[in-house]
Amino acid sequence: MKIAVLLSGGVDSSVALRLLQQQGHDVTAFYLKIWLQDEFSFLGDCPWEEDLEFARAVCEQAGVKLEVLPLQDEYWAKVVSYTIAEIKAGRTPNPDMYCNRLIKFGDFYDKIDPMYEKVASGHYGMIEEKDGKHLLKISPDPIKDQTYFLAYVTPPQLKRALFPLGHYDKKQIRQFAKEFDLPNQIRKDSQGICFLGKIKFNDFVKFHLGEIKGDIINIDESKKVGEHQGYYYFTIGQRQGIKLHGGPWYVVKKDHINNIIYISRNKELLEVKRDSFYVRNINWIAGEPTDKKELRLKLRHGPRFYNCRLDLLNELDGFVKIEGFDRGIAPGQFAVFYDGEYCLGGGSIENEIPVGSERKLVDADVK
RNA sequence: UGCCGAGUCGUCUAACGGUAGGACAGCGGCCUUUGGAGCCGUAUGCGGAGGUUCGAAUCCUCCCUCGGCAG
C-alpha cells in the first residue's frame, strides 16, 4: 500500500514509519513546516531545525524519501489566527485540535498525491472499521492516548488515516525505537503547542496582544484585590500567575469586555458550581450523533475521564452535566465524548448557545 | 514632640526564655503534543542599639517606624 507518513522528528512518528515499512508498505515521509520562524526568529531558538535534522536522519537510516512541505501560510491562516482571535475574545483556544483537523489531516491531505491510500501518523489511538464506518478507539496507554486531540477530525479524514502505534503503549514504542536503533530514540517527548516550540505561551500572547492593566476581583467579597496585565493571560481554573498571597486563588470568571478577572478560594464556588456547560458544533466521528445520554467525557488531554449526561439540543449542540466537578471548564476548550472505549467526537465548550430555536428546550431542561 | 497599641520571610501568620516554623506568592524540577490543573523540591525574615541570662523573637532600657486616642 502507498502510504504518506507524517514525520515530526520525534520518536513516535519515526517508529510509525518503521513499523509500516517493516510491514512491507511503500512509505514516503512528510515533514510539515508549520513553525513560525519569521515571527519568532528574534527569540533565537529554532527547534524545528533540530526536528528536521532528526527527521532526515531517520529517513536516511530507513532509506525512505522525505519531503518537506511548507504549510506556514495555511497554518497561520487557520490555526494561529484562530488562536489569537479566541484569546482576544476572552476564550481559551485549543490550537492542536484545529491543527489536526485543518492542517495535518486537512490541508496536508489535499496537497499530497491522491495515490497515497493512507496517511499515517504517530498518534496514539486506534481506528476500527465497523459496518463501513470508521471508529476511533482509545489507546491502551491511558496517558498517551490522543483520541482527545483527534476528536475533531472528520469522518472522511479518519477513513484515510492510519495510526500504526494505536494498539501499543509508550513503553513498547520506546522499545521499538531501540530495536530499530533510531537516531532519535532517546529524545524527550514533545510538549506544548507544536508551533510554539520552546516559546512560552504567554510570550506569544504578549507579542500579539501586549499588556493592558486590569482589575483582579475577589468574587466572594466583590472586592478588588489586585491588578493583572491583561485578561487574555488567564483562563478559567488557572492558579499560577495571580501573584496574590492568602490563596490558593483560582480564576473563576473573566470579563473580557471590561478586562476584569474574578478569583476565588471559596470551596463552594470552586467545586460545586463547576459541573455543567454547553457544547457546540460537535464533530461526530461516526458521522451522526449518538443516541446515548450517559457517556464518558474528557475535558482535556490526559487519562482523566468524567461520567456525564449529554442532552442534545440538535445534531451539533448539547448540554452537559458532569459527575463531580472540574475547575478548568473554559469556553473555547473542547469536550470529547466516549462510549466505553470509543471516542464519539466532541465540540467546543460554551457558557451558552447563541439564541436559536433550540434555546427554549435548553432552558426547560436546565430548570 | 505630653497619652495607648503594634513591629517576625514578598504577604499573612506561629514559636512555655531553649534549633525562628507554616500558608500563599516566587523560583526550580516532574508530569502533559492545547490553556490549565496536579506532584516534588527550594531561597529569603525576628526594625535598630544596648542590657539581664548558660541561653532572648520572647524580659528590661533607649532609639526608629507604623496605627490609634489626644488634637
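Remember, it's a predicted structure, so these values are computed and weren't measured experimentally. In what follows, chains carry the letters A, B, and so on, assigned in the order in which the sequence lines appear, proteins first and then strands, with residues in each chain numbered from 1. Both backbone and side-chain heavy atoms feed into the values below; hydrogens, waters and symmetry mates do not.
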Assign each of A/Leu244 and A/Thr92 the nucleotide of RNA chain B bearing its closest heavy atom; nearer the 5' end lies the nucleotide of A/Leu244

Under 4.0 Å between a side-chain N/O of A/Lys243 and OP1 or OP2 of B/G26, yes or no?
-> no

Roughly how many Å is it from NZ in A/Lys104 to P in B/U34, rounded to a whole number?
-> 11 Å

Of B/G35, B/U34, B/C24, the nucleotide closest to the side chain of A/Tyr148 is B/U34

Taking atom NZ of A/Lys88 as the centre, does the number of heavy atoms from other residues, nucleotides or ligands within less than 6.0 Å exceed 12?
-> no

With rounding to whole Å, what would you report as the distance between B/U33 and B/C12 at their C1' atoms?
-> 40 Å

Atom-to-atom span, OH of A/Tyr152 to P of B/U34 - whole angstrom | 19 Å

Does A/Arg160 count as lying over the ring of A/Tyr109, i.e. NZ or CZ under 6.0 Å from the six-ring centre, within 45 degrees of the axis?
-> yes

Between atom CE in A/Met97 and atom P in B/G36, what is the gap in whole Å?
-> 17 Å

Minimum heavy-atom separation for A/Pro289 to A/Glu315, with atom names?
-> CG-O, 3.8 Å

Output yes when at least one side-chain N/O atom of A/His301 is less than 4.0 Å from OP1 or OP2 of B/U34, else no.
-> no

A/Ser139/A/Gln146 under side chain to side chain contact (heavy atoms under 4.5 Å, CB included): CA gap, chis, key distance, verdict | CA-CA 7 Å; A/Ser139 156; A/Gln146 282 164 323; over 6 Å; no

How far does the C1' atom of B/A6 sit from the matching atom of B/C69, given to the nearest Å?
-> 14 Å

Are A/Asp326 and A/Arg304 ion-paired here, with the side-chain N under 4.0 Å from a carboxylate O?
-> no

Is it true that A/Asp215 and A/Lys224 have a side-chain N and a carboxylate O under 4.0 angstrom from each other?
-> yes

A/Lys298 to A/Tyr306 six-membered ring, cation-pi geometry met (6.0 Å, 45°) = no

Value in whole Å for how far the P atom of B/U34 lies from CG of A/Asn202 | 15 Å

Looking at the side chain of A/His245, which of B/C30, B/U34, B/C24 is the nearest nucleotide?
-> B/C24

May I ask you to say what A/Ile236 touches in the nucleic acid, namely base, sugar-phosphate or nothing, with a heavy-atom cut-off under 4.0 Å?
-> base

Report the stems of RNA chain B as range-with-range entries sorted by first number; a stem here is at least three consecutive pairs, Watson-Crick or G-U wobble, both distances under 3.5 Å, and write none if there are none.
-> B:4-7 with B:64-67, B:10-13 with B:21-24, B:26-30 with B:38-42, B:47-51 with B:59-63

Using the C1' atom as the reference point in each nucleotide, state the distance between B/U8 and B/G45 in Å, no decimals.
-> 6 Å

What integer number of Å spans the P atoms of B/U58 and B/C9?
-> 15 Å

Starting at CZ of A/Phe204 and ending at P of B/U33, how long is that distance when rounded to a whole Å?
-> 21 Å

Whole angstrom is fine here: how far is it from NZ in A/Lys170 over to P in B/C31?
-> 11 Å

Return the nearest nucleotide to the side chain of A/Gln146; candidates are B/G36, B/C30, B/U33.
-> B/U33

Whole-Å P distance, B/U11 and B/G48 | 15 Å

All heavy atoms of A/Val64 vs all of A/Ala29, minimum pair found to be CG1-N, 3.8 Å

Rounded distance in Å - CG (A/Asp326) to P (B/G35) | 15 Å

Sticking with atom P, work out how far B/C3 lies from B/U42, rounded to a whole angstrom.
-> 50 Å

Candidate list A/Ile236, A/Leu299, A/Asp275, A/Thr92, test side-chain contact (heavy atoms from CB on, under 4.5 Å), partner A/Ile329, passing option = A/Leu299

Same-atom distance (C1') from B/C63 to B/G28, integer angstrom | 42 Å

Looking only at side chains, do A/Gln238 and A/Tyr233 share a donor and an acceptor under 3.5 Å apart?
-> no

Answer with yes or no whether the side chains of A/Asp145 and A/Thr147 bring together a donor and an acceptor at under 3.5 Å.
-> yes

On a whole-Å scale, what distance lies between the C1' atoms belonging to B/U65 and B/C30?
-> 44 Å

Interface polar pairs with nucleotides 37-40 of chain B, N/O, under 3.5 angstrom:
unit_1	atom_1	unit_2	atom_2	d
B/A37	OP1	A/Arg239	N	2.6
B/A37	OP1	A/Gln240	N	2.6
B/G38	OP1	A/Arg239	NH1	3.2
B/G38	OP1	A/Tyr250	OH	2.4

Whole Å only: how far is the CZ atom of A/Arg265 from the P atom of B/C12?
-> 13 Å

